[in-house]
Amino acid sequence: MVRTRIAPSPTGDPHVGTAYVALFNYALARQHGGQFILRIEDTDRERSSPASERMIFEALRWLGITWDEGPDVGGPHAPYRQSERFPIYREHAELLVARGAAYPCFCTRERLDALREEQRARKDPVMGYDGLCRGIPAGEAAARRAAGEPHVIRLAVPEEGETVAQDLLRGQLRFDNRLIDDQILLKSDGYPTYHLANVVDDHLMGITHVIRAEEWISSLPKHALLYRGFGWEEPVFCHLPLLRNADRSKISKRKNPVSLEYYRRAGFLPEAMRNYLALMGWIMPDGVTEEFTLEEFVANFTLERITLGGPVFDLEKLTWLNGRYLRRLSPAEYLERLRQGPLAEEYLARIVPLVQERLDRLEDFMAYGQFFFVGEVSYDQEARARLVPKRGTPAETAAALTSLLEEELDPLLEWEAARLEPLLRGAAQRLGWKTGDLFMSVRVALTGRAATPPLFETMEVLGKELCRRRLRRAVQVLHEA
RNA sequence: GGCCCUGUCGUCUAACGGUUAGGACACCGGUCUUUCAAGCCGGCAGCAGGGGUUCGACUCCCCUCAGGGCCGCCA
């Protein structure tokens with residue numbers, strides 16, 4: 001029996017990397033007639049949000065990736081949302097303490113911060129907890145816990161020797177125990193950290209193959225130690241290469257569109273997107289076939305064929321592939337895609353109220369509202385002039401728009417006019433800009449025009465991805481000015 | 001800085017010790033065509049470097065170099 005999972009954290013827009021890892025997990029499970037599970041890892045209460053979770057569900061389904069068990073479909077190991085499983089983690093943390101594989105630590109954040117700073121300053125090769133609380137006798141520790149003294153639970157990493165773990169693609173990986181940190185497993189608020197929750201759930205849910213991104217390799221020894229601490233059999237670990245930006249750094253929204261919403265909105269077909277993702281580090285056994293269906297992928301998939309070099313996510317090739325898929329469609333199918341996308345009834349219905357009162361002839365609709373339908377808008381002479389407030393400079397405007405983007409807009413998941421307005425007003429204040437000036441810059445950046453329907457409603461209809469994209473483009477234009 | 005991972009055309013990749021190192025994107029030509037695309041044909045372009053092992057290394061080993069990841073009460 002093969003059971004795989006994708007375990008995203010609902011902390012932002014649905015990420016292309018999540019889809020990538022999900023796809024490979026999905027393929028392995030399907031191929032072996034096993035199950036693919038979706039588990040939501042929302043142990044970070046600060047950053048997790050239901051909106052993000054919903055978007056992840058939708059994005060994966062859009063790509064044709066379906067799961068057999070998950071928060072929304074249930075299953076024998078429910079609940080599938082970690083925030084609903086906290087008692088389980090606490091129990092297991094206690095189990096580890098009882099077995100001597102973990103211990104309570106009473107150190108304050110201040111002490112830890114100071115320790116970290118000291119280690120950094122000293123360029124200490126051994127970064128991490130110094131093990132101060134490890135020496136506290138069990139009885140004393142229990143008493144202090146009973147007395148309500150704040151504490152966390154840490155993993156008791158062996159002080160000598162090395163921890164050896166297997167990676168399906170890389171073979172044996174060895175780690176010096178002295179360099180492995182006594183990872184916090186249970187936070188002082190009683191919430192688990194990723195490491196504990198992830199391992200406990202993978203075991204309890206019967207996961208046989210942990211296929212995840214390469215960035216987790218450095219945590220592998222901790223996870224192996226956890227399995228061993230519990231006395232559990234370890235799953236097969238397989239670390240996928242990280243998707244990269246053109247400069248080879250880990251793919252990021254600063255340098256690449258990473259939200260699946262972007263690709264959907266830009267008119268990439270889910271089949272093409274999924275096909276392209278499958279080509280990142282993998283290819284059909286013949287080494288040549290690049291276009292294939294999900295079914296064909298599943299039928300031919302093998303983990304062993306995965307390439308380890310981090311693949312650069314190339315929008316240009318994705319676009320070419322998408323064109324191939326688009327051209328293959330019959331006119332009727334093509335029309336249908338248009339009706340699901342840019343010409344969706346629901347989309348048009350949101351635009352009409354914004355433009356109706358401003359136009360005298362139906363034929364003006366397309367010309368006036370063209371910025372609702374194109375990807376990037378162009379900025380003519382007048383637009384470029386209006387982009388920058390009278391008493392401002394292009395550089396200042398670029399800085400303000402960038403700041404707005406990163407501080408206010410990027411984190412906003414519920415993209416609605418009612419939320420956007422206070423956000424932008426707040427940004428104006430924060431930046432020391434007159435609201436009217438900022439609004440005009442944003443308006444022109446977003447539409448290429450100085451005269452448009454109301455800004456926030458327009459932003460809502462355009463959607464986050466288009467707004468983000470055009471703002472970035474405007475910043476670029478401003479830099480060139 | 002420490003630990004770890006990785007290294008074939010600019011990019012995605014094939015090659016499982018013996019090939020003129022293959023395909024795809026991009027780019028450049030040509031062809032078809034009222035135009036533009038698409039299609040078709042052709043071209044440019046790579047084994048990071050150095051040592052070994054071997055009759056023979058892109059393939060195995062070592063070193064160097066380069067890129068990346070991780071070093072949070074984030075995941």
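Naming convention: chains lettered A, B, ... in sequence-line order (proteins, then strands); numbering from 1 in each chain. Just the heavy atoms: all of them, side chains too, but no hydrogens, waters or symmetry mates, feed the values below.
Taking atom CG of A:L308 as the reference point, atom C1' of B:U59 lies 15 Å away to the nearest angstrom. The separation between A:H239 atom NE2 and B:C5 atom C1' is 10 Å, rounded to whole Å. In this structure, A:K222 places its NZ atom 16 Å from P of B:C3, rounding to the nearest Å. Counting to the nearest Å, the P atom of B:C12 and the CG atom of A:N256 are 13 Å from each other.
For A:P311, the side-chain atoms get nearest to B:C12 when compared with the rest of B:C12, B:A15, B:G39.
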Indicate for each nucleotide in nucleotides 68-75 of chain B, in 5' to 3' sequence, whether protein heavy atoms under 4.0 Å reach the base (B), only the sugar-phosphate (S), or nothing (-). SSSSSBBB
Using a 4.0 Å heavy-atom cut-off, write out nucleotides 18-36 of chain B from 5' to 3' as B (base contacted by protein), S (sugar-phosphate only) or - (no contact). ----BBBSS----------
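Remark: A:D189 engages A:R45 in a salt bridge (Lys or Arg N to Asp or Glu O under 4.0 Å) (not counting sequence neighbours). Annotation: salt bridge (Lys or Arg N to Asp or Glu O under 4.0 Å) contacts of A:E333 (sequence neighbours excluded): none. Legend: residues meeting salt bridge (Lys or Arg N to Asp or Glu O under 4.0 Å) with A:E304, ordered by chain and number and at least two apart, are absent. Partners of A:E91 under the salt bridge (Lys or Arg N to Asp or Glu O under 4.0 Å) rule, at least two apart in sequence or in another chain, do not exist in this structure.
Pairs engaging residues 196-210 of chain A under the salt bridge (Lys or Arg N to Asp or Glu O under 4.0 Å) rule: A:R5-A:D202, A:R39-A:D201, A:R39-A:D202, A:R85-A:D201 [sequence neighbours left out]. Annotation: salt bridge (Lys or Arg N to Asp or Glu O under 4.0 Å) contacts involving residues 211-230 of chain A, sequence neighbours excluded, comprise A:R170-A:E214, A:E215-A:K250, A:R228-A:E234. For the ring pair (Phe, Tyr, Trp, His ring centres under 6.0 Å) condition, the pairs that include at least one residue of residues 69-93 of chain A, sequence neighbours left out, are A:F86-A:Y191, A:H92-A:F230, A:H92-A:W232.
With A:F24 as reference, A:F297 is the one residue of A:W282, A:F297, A:F36 to meet the ring-ring contact (aromatic ring centres under 6.0 Å, His included) rule. Of the residues listed (A:K464, A:R430, A:R468, A:R419), the one engaging A:E408 in a salt bridge (charged side-chain N to carboxylate O under 4.0 Å, His left out) is A:R430, and it is the only one.
Of the residues in residues 50-72 of chain A, not one places a heavy atom less than 4.0 Å from an atom of RNA chain B. Of the residues in residues 14-30 of chain A, not one comes within less than 4.0 Å of RNA chain B through any heavy atom.
The side chain of A:R324 places an N or O atom within less than 4.0 Å of a non-bridging phosphate oxygen (OP1 or OP2) of B:G39.
For the P atom pair drawn from B:G22 and B:A15, the interatomic distance equals 14 Å after rounding to whole Å.
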Under 3.5 Å, which donor-acceptor pairs link side chains of residues 54-62 of chain A to any protein atom two or more places apart or in another chain?
residue : atom : partner : partner atom : Å
A:R61   : NH1  : A:D72   : OD2          : 3.1
A:R61   : NH2  : A:D72   : OD2          : 2.6

